[in-house]
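FYI, the numbering just counts along the sequence from 1.
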Amino acid sequence: MATPGRRSSTFTRLLRHGFTDPSAAERLLESTELAPIRNDPVLLDALGATADPDLALLGLGRLVEAQKDHAGQRELLDTLIASKPLRDRLLGVLGASAALADHLARHPLDWHVLAMYEPQDLHPGIAEFERGLAEASDPVALRVAYRRCLLSIAARDVCGTTDLAETAAELADLATATLRAALAIARAAAPEDAALCRLAVIAMGKCGGHELNYVSDVDVIFVAEAMDGADEAKALQAANRLASHLMRICSETTVEGSIWPVDANLRPEGRNGPLVRSLSSHLAYYQRWAKTWEFQALLKARPVAGDIELGEEYVATLAPLVWQAAERENFVPDVQKMRRRVVENIPASEIERELKLGPGGLRDVEFAVQLLQLVHGRADTSLRSRTTLEALKALAAGGYVGRVDAVQLDEAYRFLRSMEHRIQLYRLRRTHLVPENDADLRRMGRSLGLRTDPVTELNREWRRHASVVRRLHEKLFYRPLLDAVAQLAPGEARLSADAARERLVALGYADPASALRHLEALASGVTRKAAIQRTLLPVLLGWFADSADPDAGLLNFRKVSDALGKTPWYLRLLRDEGAAAENLARVLSAGRLAPDLLMRAPEAVALLGDGDGGGLGPRDRAHLEQEILAAVGRADGGEAAVTAARGVRRRELFRTAAADIVRSYGTEESPAAADQGALVDLVGGAVSDLTAATIAGTLRAVVRDKWGDTLPTRFAVIGMGRFGGHELGYGSDADVLFVHEPREGVAEQEASQAAQAVVAEMGRLLQIPSSDPPLLIDADLRPEGKSGPLVRTLNSYEAYYRRWSLGWESQALLRAEPVAGDADLGRRFIELIDPLRYPAEGLGDDAVREIRRLKARMESERLPRAADPTLHTKLGRGGLSDVEWTVQLLQLQHGWAEPGLRTTRTREALAAACAAGLISGEDASILDEAWVLATRVRNAVMLVRGRAGDTFPSDGRELAAVGRYLGYGPGHVGDMLDAYRRTTRRARGVVEELFYGG
């Protein structure tokens, strides 16, 4: 019995070496058998280095005690003390696996397999394992031999001699050797059956993929043929008996436990199908009846036992079907649904601990990799690996997965599989649930090298890797591009010259020769960039072809790719991020405006990656103004400031145009929008806000250059017309009024000169020649029109409106809204004009007649002579002018009594008039539909032609592009024009009744 002092010293040393129960360990070390260990610092250090020192010491005590005699104990301990390799291997296994400690206690001489390593034994293959199992002539002996081999694999694993992939491969090789040994036992038991048939065992799943777990079902398929001269039916019956016996040998529990279950449920028809089939029967099934998941399972098929030649023939025969599976209808959605069903079937109590099947688990990596393999592996044979990590490496090398993504997935998969191995190794039980108690977590963490705070560190690393897997799984597995690639024919996916030429002609490219040159320039060579382009282009060609001008789309794509060719994120964005590639294809083939904007700011491609979720969502005026003012503040001089503001405007115009196009065409993630009014509001609001922010920035630049921080007069810009109504189109001028008010102590003449100088300089800066869409300021709605001063004081406006204001000016003021400059001055201007635009008691009969007369005169004098009045969007029958004047007349008549009518926005005012009972719901709907359609046509013309227009284009291709934007496919331009005429004719009928009085 140790003295208290001695005990205290040993207790302290054990605690320091990582023992969690030093008292129990101390009692063990007091036994006679373990006396040599008690005072040996080397052995205590070795125990302390294990995953669980308490478990290792307990297992060692049992092993020493199990030796046959004292000499055996002495040999074990002496070798353990003298040999560091044995010490590390044996104690490492004992500290990680209670089940293998049990095996050693039952078979105490098996420790010798850990002491006799030669260099060539460090990475054994099937042949070495077959030698290890060679003497096993019955199921019990086979289990013992299997565990002995497993012991050596575990020792290499826990000591770090092999990494995760090597360990998994060794386990698969051991399973292969075991299946061969079991088949040999079965054949020996029934030689008459063995003489009748050729039987091949095909490994599936992780065994087939050379990535097996410590404890896992071994999935197999059996294929058989009759020996020469044998009856086929009898041969298949014999093969069935051999296969059944093989399964029992491996699966049944004996005094030595079981090896692992052999699962043949991946065979045709599953449990309901025959256990063994002929090769021709297999082929017939897969050709006619197999489901998508069955081809996915065949991806890992590998002959492992029995007649290897027959097994190789089986794999070679079915391989073409595997690599054609992606062409099946709904292949990608089917695989995705299958993954979702797996997650849905996990019990809620287990989903957070499910390492294999749960979100962010191993299956997420495996399904993503397999789906990418099956889609892209049709054309790229380098992807046809059975092993997950090798396939992932090939996908990264081929450009199908980003390098960083592949590295992160590799690291996460290795960590999660290592966790799975450690969980299973402890009791050699088939489980994928992360344990909940701290003792198990501590052992796992220490076994993975986490020693400071194993439980906390393990949980943190597990959650981190699971989060990475979940994110990348969503990114790769649900990638829209993937389904599009899967729908291509094999020749199209390869993008060979002949296939490409045929496809270009079939898709309607007008100049296939030029298109081929673009394809060659983009996709030729062995660079990673070219590899990614070869993945993208076959799909992009189809998306370009879904436009009126596919040739322009491809040319524009080449220009953008050339401009961004050295930018690392560009192709990665198109391959990986949501609907970016499809969005870009739509934008580049929809006309001139958006591609022209993009060519001058190619980095704006990044906006396409977020779809409707953010990148293409309009930014509000406050944020736009803040960015533009900051850019102006950094610029050196007025011209540089306006150039900076134009840069923001260019990008934001592209953002708006791209959102408009994408939502009009629709993509896989964002179907074509049914609410055309929402698109009109989006464009009108976004362009109006952007124009206001640009004017505010220009005003700031002018004031800063000439006066510093403070202008001698307060100054405000009032938006008018479509600008004030938040209804600007891509090519609209900005109608404005300028108002100022001298600051206290400043003479009116000085203030007026300053205000005039501001207006003149703003006009000059905004008219500097530029390749961007022009921003023209139009002040013709000011008092006295072109004859009046460009800018007036607030008092001058008040005097003019009190004495000289005409009816048309009151009508024009209905859309007045401050857009830039002094907010208080803008507010007071609105207070000044409200009585004019919402006159008390409404309009008299004379005023109504005057408005009608002006409208009729405008229709007869301003409509261009050559214009078709049924197709002119602004001044034509039922067009913008008809609807707007009708709405504005209602505002002038009833705005004083109906607060809802006091808005600058046409659609809001129309809705308010309907709500107030001033117009029927049907009439309001007719007018709204016509106004929205006319606005959409104007926007379409600008998008397609790159310049503004009020009528449909005469060029056939441009007209078709307008039709595509409005939702009319090829050959339906006539339907589009008929629909426009029909819609506006109905609107004109409402205008005749409401505006002209019937």
Listed partners of Arg422 passing side chain to side chain donor-acceptor pair (under 3.5 Å), at least two apart = Asp157, Ser447

Minimal heavy-atom distance between Leu275 and Ala264, with the atoms involved, is CD1-CB, 3.6 Å

Check for a donor-acceptor pair, side chain of Arg89 on one end and backbone N or O of Leu114 on the other, with a separation under 3.5 Å.
-> yes

Calculate, to the nearest 0.5 Å, the distance between atoms CG and CG belonging to Leu472 and Leu409 respectively.
-> 4.5 Å

Result of checking Glu350, Glu420, Glu354, Arg353 against His432 for side chain to side chain donor-acceptor pair (under 3.5 Å) | Glu420

Donor-acceptor pair, side chain of Ser97 and main chain of Leu425, under 3.5 angstrom | yes

Which pairs, with at least one residue in residues 132-142 and sequence neighbours excluded, count as a salt bridge (charged side-chain N to carboxylate O under 4.0 Å, His left out)?
-> none

Check whether any side-chain heavy atom of Trp260 sits under 4.5 Å from a side-chain heavy atom of Val262, and report yes or no.
-> yes

What pairs of residues pass the ring-ring contact (aromatic ring centres under 6.0 Å, His included) test when at least one of them lies in residues 194-216, not counting sequence neighbours?
-> Tyr214-His421

What are the two closest non-hydrogen atoms of Leu242 and Cys197, and how far apart are they?
-> CD1-SG, 3.9 Å

Going by heavy atoms in the side chains, are Asp440 and Tyr426 under 4.5 Å from each other?
-> yes

When every non-hydrogen atom of Pro435 is compared with those of Leu441, the smallest separation belongs to O-CD2, 3.4 Å

Check against salt bridge (Lys or Arg N to Asp or Glu O under 4.0 Å), Arg180 and Glu130 = CA-CA 8 Å; Arg180 292 179 182 181; Glu130 283 188 296; 3.6 Å; yes

Sequence neighbours left out, cut at 3.5 Å: what donor-acceptor pairs do the side chains of residues 215-224 make with other protein atoms?
none

Determine whether the side chains of Thr388 and Glu211 contain a donor N or O and an acceptor N or O closer than 3.5 Å.
-> yes

For the residue pair Asn213 and Leu171, establish whether any side-chain heavy-atom pair is separated by less than 4.5 Å.
-> no

Do you know which of Arg156, Arg414, Arg417 makes salt bridge (charged side-chain N to carboxylate O under 4.0 Å, His left out) with Asp163?
-> Arg414

Spatial distance of atom CG (Leu199) from atom CG (Leu246) [nearest 0.5 Å] | 8.0 Å

Taking side-chain contact (heavy atoms from CB on, under 4.5 Å) as the test, write out the residues that go with Ala412, two or more places apart.
-> His465, Val469

Do Arg302 side-chain atoms and Gly208 backbone N/O form a donor-acceptor pair below 3.5 Å?
-> yes

Assess whether atom NZ of Lys356 is packed by more than 12 heavy atoms of other residues, nucleotides or ligands within 6.0 Å.
-> yes

Determine the sole option in Glu474, Arg470, His473 for which the side chain to side chain contact (heavy atoms under 4.5 Å, CB included) test with Pro359 is passed.
-> Arg470

Rounded distance [0.5 Å steps], CZ in Arg148 versus CH2 in Trp111 = 14.0 Å

Sub-4.5 Å side-chain heavy-atom contact between Arg471 and Gln408 | yes

Kindly indicate whether the side chain of Thr381, heavy atoms from C-beta on, has any atom under 4.5 Å from the side chain of Trp323.
-> no

Mind listing the closest non-hydrogen atom pair of Ala101 and Leu94 along with its distance?
-> CB-CD2, 3.7 Å

Below 4.5 Å, heavy atoms only, C-beta onward: do Leu150 and Leu428 meet side chain to side chain?
-> yes

Are any of the side-chain heavy atoms of Arg378 and Gln324 separated by less than 4.5 Å?
-> no

Closest non-hydrogen atoms of His123 and Glu170, given as atom of the first, atom of the second and distance, are CA-OE2, 3.8 Å

What class does the angle between the rings of His103 and His107 fall in, given that below 30° is parallel, 30 to 60° is tilted and above 60° is perpendicular?
-> tilted

Would you please name every residue forming a side-chain contact (heavy atoms from CB on, under 4.5 Å) with Leu142, sequence neighbours left out?
-> Leu133, Ala136, Thr178, Ala181, Ala182, Ile185, Ile249, Ile259

Using atom types as modelled and distance alone, determine if a side-chain donor or acceptor of Glu128 lies under 3.5 Å from a backbone N or O of Gly125.
-> yes

Side chain proximity check, Tyr146 to Glu256, heavy atoms < 4.5 angstrom | no

What is the distance from atom CG of Leu433 to atom CD1 of Ile423, rounded to the nearest 0.5 Å?
-> 8.0 Å

Side-chain H-bond candidate by donor/acceptor type, Tyr413 with Glu366, under 3.5 Å = yes

Gap between atom CD of Glu436 and atom CD of Glu352 - 0.5 Å precision | 11.0 Å

Report the C-alpha distance between Glu269 and Arg277 in whole Å, list the side-chain angles of each, state the deciding distance to 0.1 Å, and finish with yes or no for salt bridge (Lys or Arg N to Asp or Glu O under 4.0 Å).
-> CA-CA 11 Å; Glu269 300 180 76; Arg277 287 176 184 256; 2.2 Å; yes

For Glu192, look at atom CD and say whether over 12 heavy atoms of other residues, nucleotides or ligands are found less than 6.0 Å away.
-> yes

Inter-residue atom distance Gln296.CD - Asp334.CG, 0.5 Å rounding | 10.5 Å

